[in-house]
Each structure stands twice: as C-alpha cells, then as structure tokens.
Amino acid sequence: MQITSPTVRTCSALTLAGLSLAATLAGSVPAWGTAAPATTSRTTVTDTEAGSGTPLGGEQYRPGIHYTPKQNWMNDPNGMVFHKGVYHLYYQHNPSGNMWGNMSWGHATSKDLTHWTEQPVAIATDEEQDIFSGSVVVDKDNTSGFGTADNPPLVAVYTSAYKPGSPHAGLQAQSLAYSLDDGQTWTKYAANPVLNRNSANFRDPKVFWYSTPDGGGYWVMAVVEAADHKVLLYKSNDLKDWALLSEFGPANAAGGLWECPDLFPLAVDGDPANIKWVMVVNINPGGIAGGSAGQYFVGDFDGTTFTSETTKGSDTLPAGTPLAGFNNGTYDGWTVANEPGNWKNGPFGDAPATGSLPGQNPVTGFSGAGLINSFNDGDWPVGNMESSQFTVTSDYLNFLVGGGQHPRVSDKLDNTPPAGDLLFDGFEVPDGTSMADAGWTGTGDLAPSFQPATSGGDFYIGAKRINTFETGGAPADDRQGTMTSPSFTLSRDFMSMLVGGGHRAAGSGQQLEVQLLVGGNVVRSLAGDEAGALNWKGWDVSEFAGQDARLRIVDQATGGWGHLTLDHVMLTDQAAVTRSDETTVNLVVDGQVVRTATGANSEVLDWASWNVAEFKGRQASIRVVDNNRFGWGHILADEFVASEQAATPRIQTYDWLDYGRDYYASVSFANMPQDKRVMLGWMNNWDYAQAIPTSSWRSAMSLPREVGLIQTPAGPRLTQRAVKQVDDLATKPSYTQKGARDITAGTTALPAAAWGQVQRIDVTLAPGTASRAGITVLGNGSAATEIGYDRTTGEVYVDRRNSGDTGFHPLFTSVDSAPVTLDADGTVTLRVYLDRSSVEVFTQGGQRTITDQVFPEAGAAQVALFADGGTAQLKSLTVTPLAQSMFSTLTKPVKDRQK
C-alpha cells in the first residue's frame, strides 16, 4: 500500500550486485556497503557505559528485560540449550567492536530465561576461521566419544567460515567443538570440518536427536545452502560422519538468502496423537515487512524427508486488462533511455530479458517469456524507460516488481549542483598545494596539509574532495582530528553540499560531522548515511544572514564508517535537493509522479498494487527508473494489469514467525524440560542493523517465546506467547480501565499511572466506526509509537514513523502490519511488551506477532488512546510494570516454570 506522511499523534502533559550478494552474505552478515573491518577498537566497559557515567542497565535505549551483552556487537542466537537446570544462550558476537566482525560465540546463562549472566567468549575466531551460527546438543550417550559415560559432553555444531590463508579459504563447512565442563569452555575438534560441500554458502546447522519407533535413533542436521534456497537434512550416529538424507526447497519466500533453519515436532492442540513437524527457515532479505524475517512450514518428517503441507503453488495473472507483458521479445512502444558509454547497452538493453542476466542470481516470480530487468551490464549503468500514454479506466493497477530497495525521494536524478556561490573552490586547490595553503587549520589526522584527497567516495565533483578516510597517520577509519575553514559570509539563505561516509549517534561517545560555526558556536551539523556515495544535504541559514561563519569537519570516530567525505560546499537560494538514487516503478499523470514502488532487495518479483481510482479518465504513463549504481542497483518489473481488485502479494500468503521488522535468525532451545518448545530471535534487521543508535552495545535478543500448534481453518498453525517467566516479572498493575468507554476521534492521554517504558499492556477494543484505533506508547507529546487495528485493511499494525530517532537509516521508518480477524464479539485483543527500545505485540491468540525496535526520545513514556475517522470502544485495558531483569540484582527467586 502507499504510505503517506507520518501522522503525528500528540497528547498533552562496495558494491553488492545480484551476483556477489550470495557469496558475500555469510552467517548473517551485513547486506550493504563494505563489511566492517576485522578489528575495531573499543574502550572496555566495566560498571558504567564508556564515557557517559551511566550505570549499566540505565542507558537510554538499554533493554530492561531483553538480553544484551554489556558491550559490542551481537547477532544470531546460537547453540541454545537447557542443561542441568541452566539455560545457555550462545550468540554471534564481535568481542572487539560495536560493528559486525571477528565472529565468535558469545555466551550467557540463566536459570529462568529472563535474568541472564554474561560469560566469557565461548568459541573464538582464529587465524583460519570465523565461527558462524550453529547449535549445541547434549550428547548424553557420548556418541561422539568426546566425553565419558559418567561425563557426557555438550557438542557444538557450527559453521566454520574460512579466511584467506586457510586450506579451505572462501568456503563454509560444518565443524565441531565440545565441552566437558557444562558449556563453560570449549575445545575445537582436531579433525574439523566434519561436513564440507566446497560451498561458499553452506551454513547454520541445527542438530537434534531423532528417535526411531524401534527405540533407537540418530542425529539429524538441518543446514542451508543459502543461495540455493534449500534446507539439507543429514544423518549421523556420532556427530562426526554425516550422510545426506534429503533436501527441502525452494519453497514460498525465496527472495534473499535462506539462513538459520530449525525442524521440530509439535502436538496439534496438545494432542500427542496428532503430531506435526515445523520447518523454520529464516530469510534475508525478502521478509514480509522488508529485509530480515523468519518463515515456517508445517508438515511431516519420516526420519528422512520433510514434506510440507503449506507450500504455496504458483498464481495466475489478476483479472483485468493487460497493459504490458514483455512477452513478444520487444518493449512494444516503450521509450528506453539507457546511459551511453557503458560496456553493454545497459541498464535495460534493447529488448526485455528472458530471466536472469549474466552475473545475476536466479530471477523468479515473473510471468511469461520476458520482463524488464535493469541488471544488463550489472548494477553500474543507470537509465529509465517509459510506456506510451494510456487512459486510466480501472480502480487498480497491478504489476510484478522486484530488484533493489531504493525508494524515490525526489525529482532529482542527476548530480548537478544547485545555482549559487561555490565556496573554497570546491577543494580544487592547485596541484602540489593543500588546504593549509587555502587557509584551513586543523588537528591530528585532519591537519589541512593532508587534504584534499583525490580518492574515495562516489558522486563527487571534480578531482578533489575532503575525505577523512584517506590521509593522516592512523589506519583508515581510525583516523581522527578536526579541520576548520577560513571565515566566509552567509550571503544566501541556504548552504548545500555533497556529503558521504558515516555518522555517529548521540551518546555513542564518538563525534563525526560537518559543523557550521557562527560566533564560534556550533549552530548546524550533518553527517553521511553510511554510504560511499556523496549526496546533497544542507541547512537553512537565513537566520544568520550577513554574519561571518566557518565550516568545521570533526572526525573523532573509529571503526566501521568512521569517516566523512565532503565536496562542493555552496551558498544557495534554495534548499538542497537530495539526489534520488532510486530503483522504482512510477505512475506519471500530467507529468508528475503520483504513485511509486520499489523492490525489496530480492530477485523474486511479487505483486504490487496502486489504487488509481482518483485518476480515472486521465492520461498516464508508467516510468521505470534505475538511478542506482551500487548494491541492488537494479529494478525488475513485469505484467502491468488494469484491474478492479488489488492483487494480493504472494508474500502475504506465506506463514511468518513475525510480521515486524525485528525478529530474525529465530531458532529453538534444545533439551528443554517437558519437551517444551521455546524460541528466541535476534531483535534486529540487516537492513539497518549496524546503524541503530545504541552504544556501547549493539543489538538485543527478543523475549523467549513458547510456541505451539493449533488447528485453524487453514490447517495447523503456530501460536506464540512470551514464556511465563517473563510474566513472573510483573508487579501490581499500575492502571486498569474499569468498564467500557468510547475512544473518540483524536488522541486522548491516559493518566500518568499508565505511563512507562518497561511494562506489559493488555488492551481489548472494538473498532466501531473508526477506521483505525488503538494506543500510542513511549510518547512525549510530540512523538510516539502507534499500535492499532486498521478496520479498512483488517490488520493490526505498528507505526514507528514518528517514534523518536528514525533518521539513522533510510530503511528504518515503517508501518508493519499483520492480518487479524476480529473475534466473535467484534473485538481485537493485544498484549504488548514495551522495553525502552522495542515493542512486541501478540494478538489473535498468539497467531500474529509484530516485533519492532523503536528509539524514543529520552524520558518518553506516555501512553494514550486514539481513534481516526469515527469512534471506537475500549473494552478493557490493564498496564502492568515489569521488574528489570537485566543488569539488576535479583532480589527474590523467580520460579522456573519450564521444569
């Protein structure tokens, strides 16, 4: 659907092309730009956050009831196992920095799944391999021989990602480590790897014991060939020698890479005579809400083969009038404007593609013999193509779209500077001179004698620019210093400039920005978007008209994207217009783009729909734009159909673990008491994972969830709920709404007793005549996160577009929704867990969940009711504070309900 501008709810009081993506993404690694360096420097955190004096657990975004490491980077949960009364959580971890790199297994333990104690790194990276995702089993019969009958081992089965210099360089294979002291220390098996397919994308083993009807059994490993969208099942008697059983996939969502599989049995409605098996497959990118997500299949496993009952078949074209199909070998009246001067006639070529192009991963989801595919000559060329004019005669325009996720942001497709006065000669100082000769001053690695640079960045103008990555004494991103311009007069209303490189969040302890100084004070600042491409940014400086100013570049940052690039600083009469590095499909009416869509960083095309009823009878055209040269810098499109009904995206018909943006790499605990099935996920998304504004840690785990199967009209489906130990953190309810009440149009603040940042909110409402209704949380009077039910779409949603800090990455803002059927009383019930920087929403008996990170303003805690377009009815509401379980002293025992 088309997303409109954020509604402000207030209340008073590197280059990754389709080819290189599969080889580069490994064990859940960044899906954009250049990977973080192997080592990044950090100051060790003890009892307070580095540089802030804030006690651990009290930082602005630090979760109170979700696991986070004290410091540094974390991603996938690994090796989760219950052993001798202790829950072990291992996880992907960078012990040396706050960005992805140095992949090792971190470790934490708990006796109740909520109070976690961080342990030393369990399995560390070494000279030959990084330690990617995997699982841990209790080898109680010592089948591996690593232990004894009296002291059986814990065995970790993990992916070795081999580095240059290793005999297996560039490959991923499965390896073993074992522990004889209950998971505290680990020894890598000397004969690793134990399973090697000579593949660069073979990873994430999940191992379990399969019991046969005769009382015997064997180990089964579920592991992925990520780029092939396959789960491979292997069998072993000793965890060392493995034989292939079968393969599953591709099936359902296959837009990105398949990762982190899981396979387990569950009783439908608790009936032990009705057992079904669940296959979990995480996918990145290509999730239901964009980027990272987890899907699941329900079926049967006979010890050899998993047979899915929930795999969807292919669809047919929506009913309507075809406008373009590209199946006759020509573009049939479309005007194509390919960028001249490339090796091939890219990006669109002279005729439709028939599928994948050279160097591209498999393209699927299109219909017929041809499609638009702008990967001709790779991601580098740019261009556009446009249909002939047609009359809009229907309510909807349906089409298939795929490729890169680069939305349209402006009409500006070129890099030409705005009209105005160029400052500092665009840094084009005479050869043999430096910025020191041009009157600049500076310190450290930014001393002006080191500048300008003649390399680094893209979309600069001329031959020279400021680049804090390229010069100075320290290594690359660790270079630090300041550089200040000579004085100039602010003679126009705006300043515009090309900026690239990184940024640092407030509170990170690091500073990385371009500053405007007036009267010696910093009055404006800006930074890059963690991209090599420079783009236009600027300030309104009209209030300082006629005053003298200076420009200062500050780089006190280290680690990944710890640099800035700057070029072509100008005084202008108009605000800077950002160049639109888009890969889009657009509807043009009267020369204006009135609808736009982009891909999802996926080579799988899926249905998109525009409601075009308001344009009936008017002339329109379809414009396809590829204006991006870098990772996923191409667009796919096919089968434009004028219809009376909106097409249903295939992705919405699949079964998802979660409908939010931040529940990924989800797998289950092994060896659980009473055969309970508890899952845990990484609460982040590779679209923006390395940019979230937290320091000195980055990323949290989700709440642990007990999962089950219930019978539904569509067949058995998963239900999820936070484990009971989470609800054992509940204190006395702080606010209860007694009796039903109307929610009138607008936003109504609840009393302060309902406010909080770490709490559970249970709310039941009927939509009534309102088009949307619900609650806002973590608010401060001007910003909040909106959680509600949309009667027009039949969906529960989380809207975080106005949730606080959203500007750290262009893909963060979102409205994430899940289809929900009202109950027999016409109501919807939500259970919402708030934890400072996240919301987890459970609804429809746990059949639908939405997990999203949010980064509210400091102190934001307001809770309010809202309704749009009419009056809704609040049936009940209870707010229950939850006691902090992380980085706090456990004052009373918490009953372990898993035993």
Side-chain angles (χ1 to χ4, degrees), residues 1-3 251-255 286 288-290 310-328 331-334 352-355 363-373 385-403 405 583-589 593-600 602-624 635-656 659 714 790 792-795 817-819:
M1 76 179 171
Q2 182 169 337
I3 301 299
N252 291 0
I288 178 64
T310 58
T311 298
K312 304 294 183 181
S314 60
D315 57 11
T316 58
L317 292 181
T321 303
L323 299 178
F326 312 107
N327 297 318
N328 65 359
Y331 282 131
D332 198 16
W334 287 58
T354 57
V363 172
T364 61
F366 62 97
S367 179
L371 76 155
I372 295 173
N373 183 348
M385 55 184 294
E386 189 159 354
S387 74
S388 56
Q389 292 278 311
F390 61 90
T391 303
V392 178
T393 59
S394 62
D395 286 347
Y396 291 91
L397 180 57
N398 299 318
F399 55 97
L400 290 164
V401 65
Q405 188 177 21
T583 52
T584 56
V585 179
N586 306 281
L587 182 67
V588 181
V589 177
V593 173
V594 297
R595 297 288 187 271
T596 186
T598 187
S602 170
E603 305 292 26
V604 179
L605 288 82
D606 201 356
W607 290 108
S609 297
W610 291 323
N611 186 328
V612 294
E614 66 183 282
F615 306 113
K616 277 186 176 180
R618 297 170 67 178
Q619 294 293 292
S621 63
I622 299 164
R623 182 183 299 158
V624 181
I635 184 73
L636 312 172
D638 195 19
E639 299 296 348
F640 292 88
V641 181
S643 304
E644 293 307 314
Q645 299 292 329
T648 300
R650 302 179 189 118
I651 199 170
Q652 293 183 5
T653 69
Y654 306 147
D655 295 303
W656 297 95
Y659 286 77
D790 188 324
T792 61
T793 62
E795 295 176 324
S817 59

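Between F326 and the options F399, F366, W334, a ring-ring contact (aromatic ring centres under 6.0 Å, His included) holds for only W334. Shown are T391, T393, D395; of these, the side-chain hydrogen bond (donor to acceptor under 3.5 Å, both in side chains) with K616 is made only by D395.
Contact of the L587 side chain with the V612 side chain is registered, since non-hydrogen atoms from C-beta on lie closer than 4.5 Å. Contact annotation: the side chain of V593 approaches that of R623 to within less than 4.5 Å [non-hydrogen atoms, C-beta and beyond]. Side-chain contact between T364 and E603 is absent, with no heavy-atom pair separated by less than 4.5 Å. I622 is not listed as a side-chain neighbour of E386, based on a closest heavy-atom distance of 4.5 Å or more. At a threshold of 4.5 Å between non-hydrogen side-chain atoms, the residues R595 and F615 count as touching.
Taking each heavy atom of T648 and Q652 in turn, the nearest pair found is CG2-OE1, 4.2 Å. Residues V363 and G355 approach most closely at CB-C, 4.2 Å, considering heavy atoms. Across G320 and S643, no two heavy atoms sit closer than the pair CA-OG, 4.1 Å. In terms of heavy-atom proximity, G286 sits nearest to A253 at O-CB, 4.5 Å. Listed here is the closest heavy atom pair of Q645 and Y396: C-CD1, 3.7 Å. N373 and A353 make their closest contact through CB-CB, 3.7 Å (heavy atoms, listed as atom of the first residue, atom of the second, distance).
Considering OG of S602 and CD1 of I651, their distance stands at 7.5 Å, rounded to 0.5 Å. Rounding to the nearest 0.5 angstrom, the gap separating the CZ atom in R618 from the CD atom in Q389 is 11.5 Å. Between the CD1 atom in I288 and the OH atom in Y654 there is a gap of 10.0 Å [rounded to 0.5 Å]. The distance from atom OG1 of T310 to atom CG of N252, rounded to the nearest 0.5 Å, is 6.0 Å. Taken to the nearest 0.5 Å, the OG1 atom of T653 stands 9.5 Å off from the CH2 atom of W656. Atoms CG and CG, on L397 and N611 in that order, are 10.5 Å from each other to the nearest 0.5 Å.
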Determine all donor-acceptor pairs shorter than 3.5 Å in which one atom belongs to a side chain in residues 635-642; sequence neighbours excluded.
{"residue": "D638", "atom": "OD2", "partner": "S367", "partner atom": "N", "Å": "2.9"}
{"residue": "E639", "atom": "OE2", "partner": "N327", "partner atom": "ND2", "Å": "3.1"}

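Side-chain atoms of R650 do not come within 3.5 Å of backbone N or O of S314 as any donor-acceptor pair. With T598 contributing its side chain and T583 its backbone, the two residues share a donor-acceptor pair below 3.5 Å.
No hydrogens or angles considered: nothing links the side chains of W610 and N398 as a donor-acceptor pair under 3.5 Å.
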Take V401 and L605, measure what side-chain contact (heavy atoms from CB on, under 4.5 Å) needs, and give me the verdict at the end. CA-CA 5 Å; V401 65; L605 288 82; 6.0 Å; no
